[in-house]
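For reference, the structure discussed in these notes is given below.
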Amino acid sequence: MKKFAFILSLVFLAACAGEETPIKKPTDPAESEIISIETLFNEDVFEDPIHLSLLKELKICSEFQKDTSNYFEPACSPRFFKLFKMNESTPIENAFLLQIKSKVGGIKLRRLVSFVREKGALVKTNTFVANLIGLRKTSTKHYDLILRFNDNVEGDVIFYNTIFSWDGKKYVFKSAETIEGVDANGPWRQRIKAEFKDSVSKDIYSTLVKNEMIL
């Protein structure tokens, strides 16, 4: 707990318990829009039929399975999977993000996997054991990812909200923005002080790698 207490000493208490503090928008107008995302996995039909075709192409689910309570042999259903575009201008069939519900395949946390099409085949570029909570527009048209990672510090569940950017081949870690948790007063959210952002981000990134949250 000492290491986590040190990290918290380097962040600014941005709000009282339960108050939300949005990630600060960049000064570049091209990167000023953030698309907030909340995936509930409560739909029965994909918003676009191409999503089902892509899942079948990946062979990540069973097109014959109808039982949406079976997490070990998951159906090709929006109850388990959600697809998002990676790029404003690239068709989703050529580049997409796949959010996978917790417990699917026996893995207790949500995963986000990115795919691009190369020479006609879908190729995996990143796997994160994380929840996609937002997309940020950029001048390159490739969205930045706002990912929330879980950590367990001596029995306390902590969340790290981070940003990853596309480098042309894959997503790379850019920074940690906020840390969240729950204490006796309820939910809290703290923003990392600007002067300590590089060092704290580096520490959090090392933790994520060590915990195999970035693959």
Side-chain angles (χ1 to χ4, degrees), residues 1-26 31 33-42 71 80-82 84 97-114 126-136 143-166 171-215:
M1 194 67 180
K2 290 182 179 179
K3 181 179 179 182
F4 180 64
F6 173 71
I7 291 177
L8 286 185
S9 71
L10 302 182
V11 299
F12 173 70
L13 184 57
C16 297
E19 184 179 350
E20 288 292 327
T21 304
I23 292 175
K24 184 178 180 182
K25 294 181 180 181
E31 300 184 352
E33 184 177 346
I34 292 177
I35 304 168
S36 296
I37 292 173
E38 182 181 19
T39 302
L40 301 177
F41 295 107
N42 61 353
Y71 285 78
F80 294 124
F81 305 99
K82 177 76 172 181
F84 302 90
L97 305 163
L98 175 63
Q99 183 80 76
I100 305 174
K101 189 177 181 180
S102 61
K103 299 182 182 179
V104 169
I107 298 176
K108 66 179 182 179
L109 298 175
R110 290 190 178 192
R111 286 163 287 159
L112 185 77
V113 189
S114 57
N126 297 90
T127 299
F128 306 102
V129 183
N131 186 30
L132 178 68
I133 62 171
L135 298 171
R136 188 171 71 179
Y143 296 122
D144 282 347
L145 308 182
I146 305 175
L147 300 182
R148 176 173 291 165
F149 291 88
N150 291 28
D151 194 8
N152 190 308
V153 182
E154 297 185 359
D156 294 324
V157 177
I158 305 298
F159 301 98
Y160 306 125
N161 293 341
T162 62
I163 293 179
F164 285 74
S165 298
W166 184 255
Y171 284 101
V172 296
F173 180 81
K174 187 173 183 181
S175 64
E177 297 291 322
T178 58
I179 301 174
E180 300 181 26
V182 177
D183 59 22
N185 296 316
W188 54 263
R189 179 184 178 98
Q190 295 179 321
R191 175 170 296 283
I192 299 169
K193 276 187 173 182
E195 58 265 41
F196 299 120
K197 194 169 186 177
D198 287 346
S199 59
V200 174
S201 292
K202 182 178 179 180
D203 201 354
I204 288 175
Y205 176 73
S206 296
T207 297
L208 298 177
V209 172
K210 180 181 178 181
N211 291 345
E212 298 183 337
M213 309 293 275
I214 303 173
L215 304 173

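Remark: Asn161 CG to Arg191 CZ distance equals 9.5 Å, nearest 0.5 Å. Separation of atoms CG (Asp203) and CG (Leu208) is listed at 10.0 Å; rounding is to 0.5 Å. Rounding to the nearest 0.5 Å places CD1 of Ile35 at 9.5 Å from CD1 of Ile146. Put simply, CD1 on Ile158 and CG on Asn150 are 10.0 Å apart, with the number rounded to the nearest 0.5 Å. Of the inter-residue distances, the one linking Phe128 atom CZ with Arg111 atom CZ reads 14.0 Å to the nearest 0.5 angstrom.
Every residue meeting the salt bridge (Lys or Arg N to Asp or Glu O under 4.0 Å) condition with Lys82, not counting sequence neighbours, appears here in chain and number order: Glu47. Every residue meeting the ring pair (Phe, Tyr, Trp, His ring centres under 6.0 Å) condition with Tyr205, not counting sequence neighbours, appears here in chain and number order: Phe173. Taking the side-chain contact (heavy atoms from CB on, under 4.5 Å) definition, one finds that Thr127 meets it with Val113, Lys124, Leu215, sequence neighbours left out. Applying the ring pair (Phe, Tyr, Trp, His ring centres under 6.0 Å) test to Phe81 and every residue at least two apart in sequence or in another chain returns nothing. Contacts of Tyr143 classified as ring pair (Phe, Tyr, Trp, His ring centres under 6.0 Å), with partners at least two apart in sequence or in another chain: none. Looking at residues two or more places apart in sequence or on another chain, you find a side chain to side chain donor-acceptor pair (under 3.5 Å) between Asp151 and Tyr160, Asn211.
Atom CD of Glu38 has 12 or fewer neighbouring heavy atoms from other residues, nucleotides or ligands inside a 6.0 Å radius.
Side chain of Ser114 to backbone of Asn126: a donor-acceptor contact under 3.5 angstrom is found. With Gln190 contributing its side chain and Thr178 its backbone, the two residues share no donor-acceptor pair below 3.5 Å. Remark: the backbone N or O of Leu135 is not paired with any side-chain donor or acceptor of Glu33 at under 3.5 angstrom. Not a single donor-acceptor pair under 3.5 Å links the side chain of Gln99 to the backbone N or O of Thr39. With Thr162 contributing its side chain and Leu147 its backbone, the two residues share a donor-acceptor pair below 3.5 Å.
Looking at heavy atoms from C-beta onward, Ile179 lies in side-chain contact with Ile204 at the 4.5 angstrom threshold. Between Phe164 and Ile214 the shortest side-chain heavy-atom distance falls below 4.5 Å. Under the 4.5 Å side-chain criterion, counting only non-hydrogen atoms from C-beta, Tyr171 is not in contact with Asp144.
What you find for Lys101 and Tyr71 is that their closest heavy atoms are NZ-OH, 3.2 Å. Phe84 and Leu132 make their closest contact through CD1-CD2, 3.8 Å (heavy atoms, listed as atom of the first residue, atom of the second, distance). Here the closest heavy-atom approach between residue Met213 and residue Phe149 is recorded as O-CE2, 3.5 Å. Of all the heavy atoms in Arg136 and Ile34, the pair that sits closest is CG-CG1, 3.9 Å. Scanning all heavy atoms of the two residues, the minimum distance from Ile192 to Ala176 falls at CD1-O, 3.4 Å.
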(message) Let's go through Lys193 and Val200 carefully: what are the C-alpha distance in whole Å and the side-chain angles of both, what is the deciding distance for side chain to side chain contact (heavy atoms under 4.5 Å, CB included) to 0.1 Å, and is it a yes or a no?
(response) CA-CA 9 Å; Lys193 276 187 173 182; Val200 174; over 6 Å; no
